[in-house]
Number of protein chains: 4
Amino acid sequence: MASRPLIKPRKIATQQRSRATVDALVQATARILVKEGFDKASTNRIAAVAGVSVGSLYQYFPSKEALVAAVIERHQQEITQMVRRELAGVLTESIDKAVHKLVTVAVKAHRVDPKLHRVLAEQIPRVGKLEKLETFNRENFALFSAYLERHREELRIDDLGLASYVCVTTIEALTHNAVLHDSRMLSDQTMEALVDEAARLITGYLKK
Amino acid sequence: MASRPLIKPRKIATQQRSRATVDALVQATARILVKEGFDKASTNRIAAVAGVSVGSLYQYFPSKEALVAAVIERHQQEITQMVRRELAGVLTESIDKAVHKLVTVAVKAHRVDPKLHRVLAEQIPRVGKLEKLETFNRENFALFSAYLERHREELRIDDLGLASYVCVTTIEALTHNAVLHDSRMLSDQTMEALVDEAARLITGYLKK
Amino acid sequence: MASRPLIKPRKIATQQRSRATVDALVQATARILVKEGFDKASTNRIAAVAGVSVGSLYQYFPSKEALVAAVIERHQQEITQMVRRELAGVLTESIDKAVHKLVTVAVKAHRVDPKLHRVLAEQIPRVGKLEKLETFNRENFALFSAYLERHREELRIDDLGLASYVCVTTIEALTHNAVLHDSRMLSDQTMEALVDEAARLITGYLKK
Amino acid sequence: MASRPLIKPRKIATQQRSRATVDALVQATARILVKEGFDKASTNRIAAVAGVSVGSLYQYFPSKEALVAAVIERHQQEITQMVRRELAGVLTESIDKAVHKLVTVAVKAHRVDPKLHRVLAEQIPRVGKLEKLETFNRENFALFSAYLERHREELRIDDLGLASYVCVTTIEALTHNAVLHDSRMLSDQTMEALVDEAARLITGYLKK
DNA sequence: TATGAATGAGAGTTCATTCAT
DNA sequence: GATGAATGAACTCTCATTCAT
C-alpha cells in the first residue's frame with residue numbers, strides 16, 4: 001500500500017506468498033466445513049478448493065487436525081477482537097448496563113459466523129489437540145472477574161471465581177443455544193426478550 | 001399353538017439370544033467409546049469386544065450410526081428414569097426446594113456415567129440422525145413448564161416458554177460443565193457451593 | 001384331484017410339502033430376479049420371499065448356484081414343452097411351412113417369460129455349473145437335424161450338422177434379440193415382417 | 001510458457017506416469033478376467049496385479065464397473081479398428097465378395113482375443129452402465145446399411161433397416177458361437193466351411 | 001425337519017499422508 | 001518450494017453358508 005522501493009527482499013515476497021497460501025487453506029477449510037460439513041472436508045478437497053496442491057497443504061500444516069485448529073483459532077480470534085472492541089469501557093459501567101451489554105455482545109459473538117460456529121461446535125470431534133470451542137469463556141472469564149472484583153462492594157459475592165463461572169457459563173449457554181438452534185424460530189423481538197431475560201437472570205444473581 | 005407346559009415358546013429363547021447380542025453390542029460400543037474414544041469404535045472392533053461377529057452387528061443395527069444412537073438412547077433413558085424418580089412430587093414443593101432439588105438432580109444426572117456422557121457430548125459428530133445429547137432438556141422442559149404453570153401466581157413470569165428455556169438451559173450448562181470438565185478441581189464442597197449458587201441464580205430469577 | 005382315501009402315507013404328505021417348498025423357492029428366485037435383478041437375489045431374501053427359512057433353502061438346494069440353475073431349468077423346460085407341442089407334426093410339412101413355423105415358435109418361446117429370459121441371459125454370470133441359456137438349441141437342434149435328414153433330397157445340403165447349426169443359431173439370434181431388446185419399438189406388424197424375413201433367409205439357404 | 005528446449009513440460013511426464021498406471025490397470029483387469037474369471041477380479045487384486053495400490057486404482061477409475069467398462073471399450077476399439085481396416089473399400093465390391101469378406105472379418109474379429117471376448121460375453125453381468133458386448137453391431141450396422149443402400153437396385157430389399165438387422169445379427173451370432181464355443185471342435189477347414197455357408201446364407205437372402 | 005441367529009472372509013471404497021519429480 | 005501421483009491401512013458393510021436349538 002505504501003510506495004515501495006524497486007527491490008523487495010525475496011524473503012518478504014516469499015513470506016507474503018506463504019501467508020496467502022496459509023490464508024487460502026484456512027479459508028477453504030472453513031468454507032467446506034460450512035457448505036458441506038466436516039465429513040466432506042478431506043485434505044485433498046481442501047487443497048483443491050484453496051487452489052494449491054496437497055503437498056503444499058502439508059508444507060504449512062502438519063496434519064488435518066492442525067488445519068481445523070487454525071480455523072477454530074481464527075474464528076475465536078475474530079470473536080475475541082469483536083468482544084474486546086464492544087466491551088471497552090464496560091468496567092466502569094453500572095451493573096445493569098454492563099450485564100446487558102455482556103449478553104448483547106454474547107449474542108453478537110455467536111452471530112459473527114453462525115454456520116461455522118455451529119459446525120465447529122457440533123461436527124468437530126474434540127479429540128487430540130482440538131479444544132472446545134469457547135466463544136465467551138477464556139478471555140472473557142478474566143474480564144468478568146475483573147468487573148466483579150472492581151464492583152465487589154455493590155455486589156453479593158462470596159466466591160468470586162465461582163460467581164464468574166456461573167455468569168459466564170450461563171450467558172454462553174443461553175446465547176449459544178438461542179442463536180445456533182432456535183434462530184429460525186426466534187424473531188428479533190423474541191431475541192431481545194431473551195437478552196432481557198438473561199440480563200435479568202444475571203443481574204438478579206449479582207445484585208445485593 | 002397347543003398348550004405346551006414346561007416348554008417355553010421358541011420365540012422367547014430366540015428373543016433372549018437376540019436380546020443378549022444386542023445388549024452386548026450396545027455395551028461394547030459404550031465401553032469402547034469411554035475407554036478409547038469414538039475414533040477407535042469401528043464396527044469390527046465393537047463386534048469383537050461384544051464377542052459377536054460383524055455380521056451379527058449388522059443384523060441388529062443398520063449402521064454404525066444406529067449403534068451409537070442406541071448408546072445415546074440407553075444413556076438418555078437411564079438418566080430420564082433417574083430424573084423422574086428423583087423429581088416425583090416436586091410439583092407441589094416450594095420454589096426454593098424445587099429449584100434446589102432440580103439442580104441437585106441435574107448434577108446427579110451428569111454423574112450417572114460422566115465419562116460416557118462426556119464422550120457423547122464431545123466426540124460424536126452431530127451428523128445425520130444423531131441428535132444433540134440432551135440430558136436435561138426435552139422431558140424436563142415439559143416438567144419445568146408444568147411447575148411454572150402451577151406456581152405462576154407466586155412467580156414473576158411473562159413468557160412461560162421463555163422462562164422455562166432460560167432455566168433449563170442454564171441448569172444444564174452449569175451442571176454439565178461442572179461435572180464433566182472441572183470435576184477434578186471441584187471438591188464435593190465446592191460442588192455443593194455451585195449447586196447453591198445455581199439454585200440462587202434460578203430462584204432469584206423466578207421469584208417475585 | 002382324484003378322491004383320496006382317508007389316510008395318506010406321511011411320506012407322501014412330506015414329499016408334497018417338500019415339493020411345495022422347492023417350488024416356492026424356485027418361484028421366489030424367479031420373481032426376485034425379474035423384479036429386482038440378480039444382485040438383489042440373496043439367499044436370505046429368496047427364503048424370505050418363499051416364506052421359508054434360509055436353513056430350509058439349504059435343505060433343498062446345496063448352493064445359490066443350484067437354485068439359479070433350477071430356475072433356468074424350469075424356464076428351459078417350459079419352453080421346451082411349448083416348442084414340442086407347437087412343433088408336433090412339423091417333420092412332414094413343406095419347407096416353407098416348416099421353417100415359418102419354426103421361426104414363429106422361436107418368437108413365441110422367447111415370449112414365454114421375456115423378462116425372466118432377459119435376466120437369465122444378461123445378468124447371470126455363466127460360471128461354475130451355470131450353463132448358457134439355450135432357448136432354441138439343444139433339443140431343437142436334434143429336431144432340426146431330423147427334419148433336414150428327412151427332406152434331404154429336396155434340399156441343398158452338404159454337411160447336415162453344419163446346416164443345422166447355421167439355421168438353429170440364426171433363428172435363435174434373430175428372435176432373441178428382437179423379442180428381448182427391441183420389443184418396445186417393434187410393433188406386432190414389424191415382428192411379423194421380421195418373422196417373414198427370417199423365414200425367407202433360412203428357406204433360401206436350404207432350398208435347392 | 002517460455003520456450004524451454006530440451007526440457008519436457010512436467011505435464012507430459014506426469015501424463016506418461018498416469019497413462020502407464022491406467023494402462024497397467026486395464027491390462028491387469030483383462031488378464032485376471034481371462035485367467036481367473038470375473039469373480040476373482042476384485043479391485044485389490046487388480047491393483048496388486050497391476051503393480052499399483054488400490055488408491056491409485058480409484059484415482060483413475062471411480063468404480064470397479066468403470067474398470068471393466070474400460071476393458072470392454074479397449075477390446076471393442078481394437079476390434080473396430082481391425083474391422084475398419086479390413087473392410088476399407090468393401091462398399092464397391094460385388095455382393096458375393098463383400099459378404100464373404102464380412103463374414104471372414106467377423107470371424108477374425110472374434111479371434112482378436114477370444115478368451116477375453118468370451119469372459120466379457122458370458123461372465124460380466126449386464127447391469128448398471130455395462131452395455132452388451134457388440135462385436136459386430138453398432139458401427140458395422142451403419143456400414144452394412146450403407147452397403148445395402150448403395151447396391152439397392154441389385155438387391156431384393158424392402159425394409160433396409162430390417163435387412164441390415166437380419167444380416168448383422170446373423171453374422172454376429174454364427175461367428176460368435178463358432179469361434180467362442182465350438183472352436184475346439186472346429187478345424188480350420190470346418191471353419192472355412194462355416195464361413196462359406198454363412199456367406200451363402202446372407203448372399204442368398206440379399207440377392208434378387 | 002425347520003428355524004433363523006450367527007458367522008467371517010472378503011468386497012468396494014476412502015483419505016490422511018508421503019515423496020519422487 | 002510446489003506438485004500431485006501414489007500409497008495402503010483401515011473402514012463400513014454384505015451375504016453365502018453353518019449349526020445350535
Side-chain angles (χ1 to χ4, degrees), chain A residues 14 17-18 21 39-48 51-67, chain B residues 7-8 10-11 13-22 39-48 51-65 67, chain C residues 14 17-18 21 39-48 52-67, chain D residues 8 10-11 13-22 39-48 51-65 67:
Chain A
T14 300
R17 200 138 69 97
S18 294
T21 301
D39 280 4
K40 300 285 168 55
S42 70
T43 49
N44 277 292
R45 183 136 181 57
I46 291 169
V52 303
S53 63
V54 229
S56 291
L57 187 157
Y58 278 90
Q59 201 102 47
Y60 294 107
F61 296 92
S63 68
K64 188 189 173 183
E65 201 188 351
L67 201 39
Chain B
I7 295 175
K8 286 182 194 170
R10 172 127 19 138
K11 228 193 288 178
T14 295
Q15 280 177 353
Q16 278 177 348
R17 199 141 69 109
S18 297
R19 180 74 208 213
T21 301
V22 168
D39 279 5
K40 297 287 166 54
S42 73
T43 49
N44 277 300
R45 182 132 182 60
I46 290 170
V52 304
S53 64
V54 226
S56 290
L57 187 158
Y58 280 93
Q59 201 124 63
Y60 297 105
F61 297 93
S63 67
K64 186 190 171 180
E65 200 186 5
L67 206 36
Chain C
T14 299
R17 201 138 67 96
S18 294
T21 301
D39 279 4
K40 298 285 166 56
S42 70
T43 48
N44 276 293
R45 184 139 179 56
I46 290 168
V52 303
S53 63
V54 230
S56 292
L57 187 156
Y58 279 89
Q59 202 103 49
Y60 294 107
F61 295 92
S63 69
K64 188 188 173 182
E65 200 188 351
L67 201 40
Chain D
K8 285 183 192 167
R10 170 128 19 135
K11 230 194 285 179
T14 295
Q15 278 177 354
Q16 278 179 347
R17 196 140 73 109
S18 296
R19 180 74 207 211
T21 300
V22 168
D39 278 5
K40 298 286 166 54
S42 73
T43 48
N44 276 295
R45 182 133 181 61
I46 291 170
V52 303
S53 65
V54 227
S56 290
L57 187 157
Y58 280 93
Q59 200 123 65
Y60 296 106
F61 297 93
S63 68
K64 187 189 170 181
E65 200 186 4
L67 207 36

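Order of the sequence lines sets the chain letters (A, B, ...), proteins ahead of strands, with each chain counted from 1. Worth knowing before you read on, the calculation uses all heavy atoms, side chains too, and leaves out hydrogens, waters and symmetry mates.
- Counting only heavy atoms from C-beta outward, the side chains of D:F61 and D:V22 approach each other to under 4.5 Å.
- Within the 4.0 Å cut-off from OP1 or OP2 of E:dC15, not a single side-chain nitrogen or oxygen of A:S42 is found.
- With rounding to the nearest 0.5 angstrom, the CD1 atom of A:I46 is 6.5 Å from the CG atom of A:L57.
- Looking at which nucleotide of DNA chain E each of D:V54 and B:L57 is closest to, the 5′-most match is held by B:L57.
- We find the CG-NZ distance between D:N44 and D:K64 to be 11.0 Å, quoted to the nearest 0.5 Å.
- Regarding D:R45, its CZ atom lies at a distance of 17 Å from the C1' atom of F:dG8, rounded to whole Å.
- The interatomic distance linking B:L67 (CG) with F:dC13 (P) rounds to 10 Å, in whole Å.
- Rounded to an integer number of Å, the gap from CZ of B:F61 to C1' of F:dC11 is 19 Å.
- Rounding to whole angstrom units, CG of residue B:N44 and P of F:dT14 are separated by 13 Å.
- The interatomic distance linking C:K40 (NZ) with F:dC15 (P) rounds to 9 Å, in whole Å.
- Phosphate proximity of F:dT12 to B:S63: absent, as no side-chain N or O sits under 4.0 Å from OP1 or OP2.
- Here the straight-line distance linking atom OG of A:S18 with atom CD of A:Q59 works out to 8.5 Å at 0.5 Å rounding.
- Nucleotides of DNA chain F nearest to C:P62 and D:G55 differ in position, and the one nearer the 5' end is that of D:G55.
- Summarising the geometry, the separation between CZ on B:R17 and C1' on E:dA6 is reported as 7 Å, rounded to the nearest angstrom.
- Between E:dT14, F:dC13, E:dA16, one nucleotide has an atom nearer to the side chain of D:Y58 than all others, and that is E:dT14.
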- Note on the structure: With both pairing distances under 3.5 angstrom for Watson-Crick or G-U wobble, and | for a partner in another strand, the correct string for DNA chain E is .||||||||||||||||||||

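- DNA chain E is contacted by both C:Y60 and D:K64; C:Y60 maps to the nucleotide lying nearer its 5′ end (nearest heavy atom per residue).
- The CD atom of A:Q59 sits 12 Å away from the C1' atom of E:dC19 (whole-angstrom rounding).
- A sub-4.0 Å separation between OP1 or OP2 of F:dT3 and a side-chain N or O of A:S53 is present.
- As rounded to whole Å, 15 Å separates atom C1' of E:dA11 from atom CD of D:E65.
- OP1 or OP2 of F:dT7 sits under 4.0 Å from a side-chain N or O of D:S56.
- Residues A:T43 and A:Y58 meet the side-chain proximity criterion, which asks for heavy atoms closer than 4.5 Å.
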